[in-house]
A.B. asks: 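What follows is a single structure, and I will ask about it in a moment.
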Amino acid sequence: MVVIGAGQAGLSSAHHLRRGGAEFAVLDAGAGAGGAWRHRWPSLRLGGVHGIHDLPGLALEEKDGARPASEVLAEYFARYEREFDLPVHRPVQVRSVRRGPDERLLVDADVGAGATGTWAARAVINATGTWTKPFVPHYPGQDAFTGRQLHVADYRGAAEFRGLRVAVVGGGISAVELLTEIAEVATTTWVTRRPPVFGDAEFTPDAGRRAVAEVDRRVRAGLPPGSVVSVTGLPPTPAVLRARDAGVLDRHPMFERITPRGLRWADGTEVEVDVLLWATGFRAALDHLRPLGLREPGGGIRMDGTRVVAEPRLHLVGYGPSASTIGANRAGRAAARDVQRLLRPSGALL
Ligand code: FAD
């Protein structure tokens, strides 16, 4: 059996496979432990994230909220892999998953130093997250922009924007958080497609369940999962309240085109900017599954829980309704149980 990815979803799956006595390998493209957390910007502190759930069976325990989340989570995941002796192979970049001549799935990967390898597996749990697939929409004039463009995946901190004019595009939490940081050192312009909806209550478990149910409904129908903020609005987190108080949430509608030196709206208004920061989200990193032909006419992958309807040997965890640390935990458990049930009749676990 193969698990692809060693973030929260992959490690949770591995934990439950281990407990069930399965033979498996975890293939992870990262240079070290931590999943996407190891790449998050240094100013994202442990105390500033919205609630990271412990991996199953081992508490995080770190108390210092001022430490970068990237460091703390990378240490925690490394400790977790050691503690449960999880067979994580890295850096292993999976390039494709295809159907083999027998009942196995073949997982082709780059295994470092120019070498490649293929794993044959009776089942695959895919836990590749979204971090490696930043999404940037296209706007007219974008290629001729002479300033700097970057996605939040490449953001390293506000210091490099000191004294510049920065446009932040996007209506999600990362846009609001980065806007607040950058506004302390630079002039900011905030642009969103739709007027932001500020939720007036903390993100309650009930609101969470409603958001997850809506995303679950979409993927069961074979639609792309969509974003959670589109369901919940922006909850009044400390970062959102800080941004409101600082008066940086002065939102502009979407511009019509990008000019060489800035942005232009349909009514002719122009703003010059030096930097265009795309806080426009991510897509599921699933390109390696393309050989399996899973996309439905609706553009998504039809799911039944964590199982892919068109390929029951494949599970997607940390995808759609399980794209949160708590969801990833649960999905890992469900997927591990399901694949072990699937394989038990033949007694063969790989
Ligand atoms: P990842 O952590 O992205 O792990 C995927 C792993 O797969 C990586 O190690 C990657 O290297 C590997 N991989 C990818 N492609 C391949 C491939 N082709 N071959 C091999 N390996 C591959 N959620 C919360 O619940 N609470 C929070 O506070 C929170 N804060 C967040 C803050 C930010 C800025 C962002 C962007 C997200 C946040 N989230 C939060 C969402 C959270 O990141 C996810 O729910 C969860 O951590 C993702 O875990 P994952 O295992 O699905 O993916």
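Each ligand, and each atom within it, is numbered from 1 in the order the structure gives. Side-chain atoms are counted along with the backbone in the values below, which use heavy atoms only and exclude waters and symmetry mates.
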A.B. asks: Go through ligand 1 atom by atom and flag the ones less than 4.0 Å from a non-hydrogen atom of Gly5.
C.D. replies: 6 (C), 7 (O), 12 (C)
A.B. asks: Going by the order shown, which atoms of ligand 1 are within less than 4.0 Å of some heavy atom of Asp28?
C.D. replies: 6 (C), 7 (O), 8 (C), 9 (O), 10 (C), 11 (O), 12 (C), 21 (N)
A.B. asks: Can you tell which part of Ile4 has a heavy atom less than 4.0 Å from ligand 1: side chain, backbone, both or neither?
C.D. replies: side chain
A.B. asks: One residue to check: Ala127. Relative to ligand 1, which of side chain, backbone, both or neither has a non-hydrogen atom less than 4.0 Å away?
C.D. replies: backbone
A.B. asks: Does the ring centre of Trp190 sit less than 6.0 Å away from the ring centre of His252?
C.D. replies: no
A.B. asks: Side chain, backbone, both or neither: which part of Ala328 comes within less than 4.0 Å of ligand 1 when only heavy atoms are counted?
C.D. replies: neither
A.B. asks: Does a donor on one side chain and an acceptor on the other come within less than 3.5 Å for Thr306 and His315?
C.D. replies: yes
A.B. asks: For atom 25 (O) of ligand 1, tell me which residue out of Thr325, Ile326, Val88 has the closest non-hydrogen atom.
C.D. replies: Thr325
A.B. asks: When you measure from atom 43 (O) of ligand 1 to each heavy atom in Arg40, Glu177, Arg95, which option holds the nearest one?
C.D. replies: Arg40
A.B. asks: Just by distance, with hydrogens left out, do Glu270 and Thr259 show a side-chain donor and acceptor under 3.5 Å apart?
C.D. replies: no
A.B. asks: Side chains of Thr116 and Asp110: do they bring a donor and an acceptor to under 3.5 Å?
C.D. replies: no
A.B. asks: Where does His53 meet ligand 1, judged by heavy-atom distances below 4.0 Å: at the side chain, the backbone, both, or neither?
C.D. replies: neither
A.B. asks: Would one find an N or O of Phe282, backbone or side chain, under 3.5 Å from an N or O of ligand 1?
C.D. replies: no
A.B. asks: So if I count the atoms of ligand 1 from 1 in the order they appear, which ones are less than 4.0 Å from some heavy atom of Gly30?
C.D. replies: 11 (O)
A.B. asks: Could you tell me whether some N/O pair between Val317 and ligand 1 is separated by less than 3.5 angstrom?
C.D. replies: no
A.B. asks: For Arg283, which residues count as a salt bridge (charged side-chain N to carboxylate O under 4.0 Å, His left out) partner, sequence neighbours excluded?
C.D. replies: none
A.B. asks: Which atoms of ligand 1 are found less than 4.0 Å from any heavy atom of Gln93?
C.D. replies: 17 (C), 18 (N), 19 (N)
A.B. asks: For the 3.5 Å polar cut-off, considering only N or O atoms, please tell me whether Trp131 and ligand 1 meet it.
C.D. replies: no
A.B. asks: What I want to find out is whether Glu256 reaches Arg264 closely enough, with some N-O distance under 4.0 Å, to be called a salt bridge.
C.D. replies: no
A.B. asks: Is there a nitrogen or oxygen of Gln8 sitting under 3.5 Å from a nitrogen or oxygen of ligand 1?
C.D. replies: yes
A.B. asks: Are Arg95 and Asp108 close enough for a salt bridge, meaning some N to O gap below 4.0 Å?
C.D. replies: no
A.B. asks: Would you say the rings of His151 and Phe135 are close, in the sense that their centroids are separated by under 6.0 Å?
C.D. replies: no
A.B. asks: Ion pair present between Glu75 and Arg67, side-chain N to carboxylate O less than 4.0 angstrom?
C.D. replies: yes
A.B. asks: Could you tell me whether Leu27 approaches ligand 1 through its side chain, its backbone, both or neither, with non-hydrogen atoms closer than 4.0 Å?
C.D. replies: backbone
A.B. asks: Assess whether a salt bridge exists between Arg242 and Asp245, defined as any Lys/Arg side-chain N lying under 4.0 Å from an Asp/Glu carboxylate O.
C.D. replies: no
A.B. asks: Which atoms from ligand 1 have a heavy atom of Ser324 less than 4.0 Å away?
C.D. replies: 25 (O), 45 (O)
A.B. asks: Is the closest basic N to carboxylate O distance between Asp274 and Arg261 below 4.0 Å?
C.D. replies: no
A.B. asks: For the 3.5 Å polar cut-off, considering only N or O atoms, please tell me whether Ala36 and ligand 1 meet it.
C.D. replies: yes
A.B. asks: Would you kindly specify which portion of Trp41 sits under 4.0 Å from ligand 1, judged on non-hydrogen atoms: side chain, backbone, both or neither?
C.D. replies: side chain
A.B. asks: Once you restrict to heavy atoms under 4.0 Å, what part of Ala323 touches ligand 1? Side chain, backbone, both or neither.
C.D. replies: backbone
A.B. asks: Heavy-atom pairs closer than 4.0 Å: do any link ligand 1 to the side chain of Tyr319, the backbone, both, or neither?
C.D. replies: neither
A.B. asks: Between Arg148 and Glu160, is there a side-chain N and carboxylate O pair less than 4.0 Å apart?
C.D. replies: yes
